[in-house]
Amino acid sequence: MSATEYNPAEVENIIQESWKKNNSYKATPSKAKEKFYCLSMFPYPSGKLHMGHVRNYTIGDVISRFKRMQGFNVFQPMGWDAFGLPAENAAIKNKVDPQSWTEQNIENMKSQLERLGFSYDWSKELKTCDPDYFRWEQEIFTLLHKQGLVYRKKSLVNWDPIDETVLANEQVIDGKGWRSGATVELKEIDQWFLKITDYADELLSSIENLDWPENVKSMQKNWIGKSFGSEIKFSLLDEEELTAFTTRIDTIYGVTYIAISPNHPLAQNLASESPEINEFIKKCNATKMAEADMAKAEKLGLKTSFKVKHPFLDANLDVWIANYVLMDYGTGVVMGVPAHDERDFEFAQKYNIEIKKVIECDELPSPKKGTLVNSHNFSGQESDEAIKNINNYLEKNGIGKSIENFRLRDWGVSRQRFWGCPIPVIYEDGEPVFLENKDLPVKLPKIKEGDAPKPLSQNKAFFDLGTGKTREVDTFDTFVDSSWYYARFTAADNNDKALDENSKYWLPVDLYIGGIEHAILHLLYSRFFHKAMRDVGLVEGDEPFKKLLTQGMVLKDGYKMSKSKGNTVDPQKFIDQYGADTIRLYMMFTSPPEQSLEWSDTAIEGSYRFLKRIWNLLSERKQFAEKQPDEFTKQELELRQKSHKTLKKVTHDYAERNSFNTAIASIMELLNAIPESFKANDATIAQKFCLDEVIQFTLKMLSPITPHISLYLWKEYSESNGNDFEDSWPIYDEEFLQLEDFQLIIQVNGKVRGKENVSVDTEQAEIEVLAKENENVKKIIANHPIKKVIYVKEKLINFVI
RNA sequence: GGGGAUGUGGUGGAACUGGUAGACACGCUUGGCUUAGAACCAAGUGCCGAAAGGUGUGGGGGUUCGACUCCCUCCAUCCCUACCA
């Protein structure tokens with residue numbers, strides 16, 4: 001190697017060409033090796049890669065390369081989550097076909113991924129907008145239908161009355177449609193649903209077996225929200241009844257009103273007779289349907305003329321329509337207990353409703369459990385005991401029962417959009433008929449050049465099949481597309497089947513890497529899909545993703561990068577300036593994967609500088625080929641110890657902790673520890689040997705993160721012609737990890753007062769004497785009796801005075 | 001409103017099991033090299049203090065010989081909240 005300057009573009013090009021030529025990352029099932037399916041969440045093809053992608057895919061690639069070095073058969077595919085709103089919006093805005101917009105973005109982003117040197121098996125690339133993908137999705141939908149997991153029901157959407165379209169939550173800004181500015185209304189329309197609630201119990205219980213971060217597990221558990229409560233009937237005075245759900249039946253004597261959701265059938269009926277109620281319900285429905293907005297909305301109520309009997313008391317309760325009661329949770333009817341529920345309290349105060357304390361407490365409202373008061377026979381009982389007793393009473397008297405309830409709702413998969421997978425159903429005289437395989441795929445209609453896409457419902461040529469038959473005009477939620485792609489990857493090039501034998505070899509995904517923002521929806525839907533596909537015989541196993549790594553966001557100046565904030569940083573600029581290895585190194589060095597990463601234009605210089613230092617160290621140096629010398633000096637042994645200790649730490653950081661930042665830091669430390677004389681031309685044989693060990697370890701330890709420069713230097717240095725570090729992770733030697741002496745920390749009352757070097761085999765008694773003789777320590781403990789001595793082996797001694 | 005996180009120098013972060021707080025970098029300062037700059041190399045760098053020493057991990061309280069780490073409480077910021085992906 002000549003003393004040239006580090007030229008990342010050149011080095012990376014040479015190495016990437018060799019990978020391409022050798023098909024280095026194509027994976028085939030093999031019994032000879034243990035498999036490792038490493039999957040990073042596929043991107044939405046928005047145009048170009050953003051920093052979040054670079055980070056996500058670098059983490060995945062580092063782990064894949066490390067596993068490959070450790071001898072695993074690694075499968076790392078990549079594809080495109082290609083249906084969705086942005087393409088449709090761009091298409092409407094620019095009057096282009098969403099297909100060509102998407103294809104162009106894919107082409108662009110794919111070349112960026114290749115430029116970054118990710119070791120993907122591109123032979124299994126997939127695009128969800130491709131009929132070769134979504135025809136199988138349509139088939140799975142019909143299988144799920146046969147399994148009884150698909151049904152149709154009316155459900156609320158954000159309706160823009162001017163544009164006459166359904167809006168996504170993000171398209172509703174301050175209650176107005178983003179394009180038309182019209183006040184958005186909630187409107188009820190027919191939609192397709194998947195019965196995810198059939199799996200609620202299993203989705204909850206099998207979380208336990210997952211090697212996932214605890215926070216994600218908690219989020220999923222809370223989202224599913226299993227609770228134990230009671231259903232209780234309140235009879236209306238005209239003989240009908242309202243059934244409320246409550247988890248706090250112990251507060252039954254504190255009920256002072258009943259509240260029903262504006263979307264409860266009773267409220268809807270009343271609306272048709274009373275203009276006042278109709279007006280009120282409209283007012284309630286003028287918020288968008290996002291949970292956060294609903295919850296923050298001011299509490300509104302309207303007293304109806306209905307009254308119900310309190311089942312335990314000789315009292316009549318008013319029935320209110322209240323906007324804080326959700327139709328989707330429980331029964332859409334709430335028993336109002338203002339004394340022991342904060343929302344009910346707020347409502348009762350606003351509308352001057354009686355507040356009745358029935359649980360002993362200091363201050364109202366108090367949602368805590370406790371001893372019952374003012375509750376007739378149940379007074380004096382503790383909440384949990386009372387809940388049992390009251391439930392028994394309800395059941396005995398036929399006025400209610402104890403039940404399990406879930407917060408989780410069924411998954412509405414209908415979307416009234418163009419750029420999505422068509423739902424494979426036709427209607428004959430209004431009745432839905434599911435299409436057979438021979439009629440699949442249902443493709444999207446072509447768009448004429450210069451035309452904007454319009455909803456399928458406005459495309460007669462698409463939906464009108466004649467003789468009273470029409471096609472379904474809704475498309476799938478794009479979460480459907482992404483709920484099973486992990487499985488399709490294993491058979492992405494099979495045109496005869498959705499999944500084949502390969503899926504049995506590769507599944508489940510061993511490690512799934514993606515943003516924490518997907519912790520609930522995408523991951524829960526995928527888990528449901530896997531179980532449903534299992535039950536129709538498509539896949540084996542109970543869970544799709546064995547282990548999960550949730551990466552934090554990439555921030556700039558403390559905020560998430562976004563166009564509206566104007567703080568985006570385009571990774572391409574840095575790839576061009578410093579090369580792929582530097583940006584990969586920076587991404588891994590700057591913070592641990594699970595935390596957010598603060599982008600800095602200047603700090604990346606440091607990563608580049610580090611690679612240049614390695615380049616210069618290796619310049620004109622060849623591997624030292626002589627065999628290991630018999631003797632080493634103390635200085636040489638210290639370096640060897642550092643090499644092996646570093647290797648041990650780095651192995652552990654990669655394999656157990658995914659802690660790449662500390663791995664890199666310790667590699668930097670190792671290089672900083674090389675004595676200058678070892679690098680000189682006149683270094684001794686032993687010195688050259690030790691330096692050689694550092695270099696070998698370093699190039700291999702860095703290669704998952706900076707694969708191009710590592711491999712390039714390795715090939716020059718060792719004069720080898722391998723194209724990958726497959727199976728070559730080095731092994732550290734325990735012999736070098738043994739310490740001869742250690743630094744003893746001497747504390748007095750927990751404060752560090754001195755340090756001494758002590759041989760490892762020194763007894764505690766000897767250490768105590770030695771510690772007391774330390775000049776500084778001696779001064780402090782003089783004239784004080786020592787009350788206690790704490791000794792932590794080979795670490796510290798603490799005198800309590 | 002609910003759920004989940006995070007908070008350590010000027011900055012990113014380290015401290016893995018309760019045991020030396022600030023590793024490794026960025027930045028900055030000084031010096032070297034250079035006509036000058038860039039690059040590179042060397043030394044220094046939590047805060048107060050001349051030093052001795054004191055002090056310090058969002059605020060307050062607690063447990064402990066010892067707390068960034070465990071407990072209670074408060075504050076701030078971020079993510080998700082079912083039609084953005």
Side-chain angles (χ1 to χ4, degrees), chain A residues 5 41 43-44 46 81 83-86 89 157-158 166-172 191 196 213-216 218-223 225 288-297 324 328 342-343 346 407-417 477-479 482 515-522 524-525 550 552-553 555 558-560 586 589-592 594-600 602-607 609-610 612-613 616 649 652-653 656-657 659 661-662 664-669 672 743-752 755 787-790 792 795-796 798-801:
Chain A
E5 244 182 73
M41 290 181 185
Y44 179 79
S46 53
D81 189 12
F83 275 136
L85 267 186
N89 292 335
V157 293
N158 299 313
V166 174
L167 299 177
N169 282 330
E170 69 161 7
Q171 297 176 317
V172 181
Q191 312 220 56
I196 190 172
E214 283 306 318
N215 59 332
V216 178
S218 308
M219 283 190 249
Q220 294 226 340
K221 282 184 208 160
N222 291 326
W223 184 262
K288 71 168 159 170
M289 46 161 238
E291 197 198 49
D293 298 277
M294 300 251 203
K296 266 183 254 157
Y324 75 98
D328 287 321
E342 281 171 31
R343 290 155 304 175
E346 198 188 321
R407 206 188 79 96
L408 180 68
R409 309 197 296 258
D410 275 336
W411 176 12
V413 294
S414 297
R415 296 291 180 272
Q416 297 68 38
R417 316 211 185 282
D477 175 6
T478 55
F479 274 127
S482 56
I516 182 71
E517 65 272 19
H518 294 291
I520 296 174
L521 294 179
H522 163 60
L524 193 67
Y525 291 146
T550 47
M553 285 174 311
L555 309 177
Y559 295 99
K560 185 179 177 173
Y586 175 73
F589 180 57
T590 299
S591 48
E594 309 221 331
Q595 279 180 37
S596 57
L597 180 150
E598 177 67 36
W599 178 265
S600 156
T602 49
I604 190 172
E605 279 277 353
S607 296
R609 220 174 281 165
F610 175 67
K612 272 195 291 190
R613 269 204 291 273
N616 294 336
K649 176 171 170 52
H652 181 247
D653 283 351
E656 315 294 333
R657 299 208 307 152
S659 177
N661 55 330
T662 52
I664 295 164
S666 52
I667 295 169
M668 288 174 169
E669 268 188 78
N672 291 344
Q743 191 183 44
L744 175 76
I745 303 302
I746 308 163
Q747 297 184 335
V748 179
N749 286 347
K751 285 198 170 130
V752 180
K755 299 171 187 180
K787 290 186 200 151
K788 202 171 170 185
V789 179
I790 290 121
V792 183
K795 205 157 247 170
L796 66 78
N798 185 14
F799 299 110
V800 184
I801 57 172

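Each chain gets a letter, A, B and so on, in the order the sequences are listed, and its residues count up from 1.
Residues A:Thr478 and A:Arg415 have side chains that never bring a donor and an acceptor to within less than 3.5 angstrom of each other. With no hydrogens or angles considered, a side-chain donor-acceptor pair links A:Asp653 and A:Thr662 at under 3.5 Å.
Pair assignment for B:rA14: none, as no Watson-Crick or G-U wobble contacts are both less than 3.5 Å. In this structure, B:rG31 forms a base pair with B:rC41, meeting either the Watson-Crick or the G-U wobble geometry with both donor-acceptor distances under 3.5 Å. Across all strands shown, B:rA21 forms no Watson-Crick or G-U wobble pair with both distances under 3.5 Å. B:rC84 is unpaired under the criterion used here, namely a Watson-Crick or G-U wobble arrangement in which both key atom distances are under 3.5 Å.
Aromatic rings of A:Trp411 and A:Phe479 (six-membered ring for Trp) have centroids beyond the 6.0 Å cut-off, not under it.
The side chain of A:Lys612 approaches B:rC40 more closely than any other nucleotide in the set B:rG13, B:rG4, B:rC40. Nearest nucleotide to the side chain of A:Ala292, out of B:rC83, B:rA25, B:rG1: B:rG1.
Between B:rU20 and B:rC41, the two P atoms lie 32 Å apart (nearest whole Å). When the C1' atom is used for both B:rU63 and B:rG18, the distance is 11 Å, rounded to whole Å.
When each of A:Gln595 and A:Asn169 is assigned the nucleotide of RNA chain B with its nearest heavy atom, A:Gln595 is the one assigned upstream, toward the 5' end. Nearest-nucleotide mapping onto RNA chain B: of A:Glu342 and A:Phe610, the residue sitting toward the 5' end is A:Glu342.
Using a 4.0 Å heavy-atom criterion, one finds that A:Arg609 contacts the sugar-phosphate atoms exclusively. Counting any heavy atom pair closer than 4.0 Å across all strands shown, A:Val166 reaches a base atom. Within 4.0 Å (heavy atoms only), A:Ala665 reaches at least one base atom of the nucleic acid.
Contact annotation: A:Asn798 side-chain N/O to B:rU20 OP1/OP2 distance is not under 4.0 Å.
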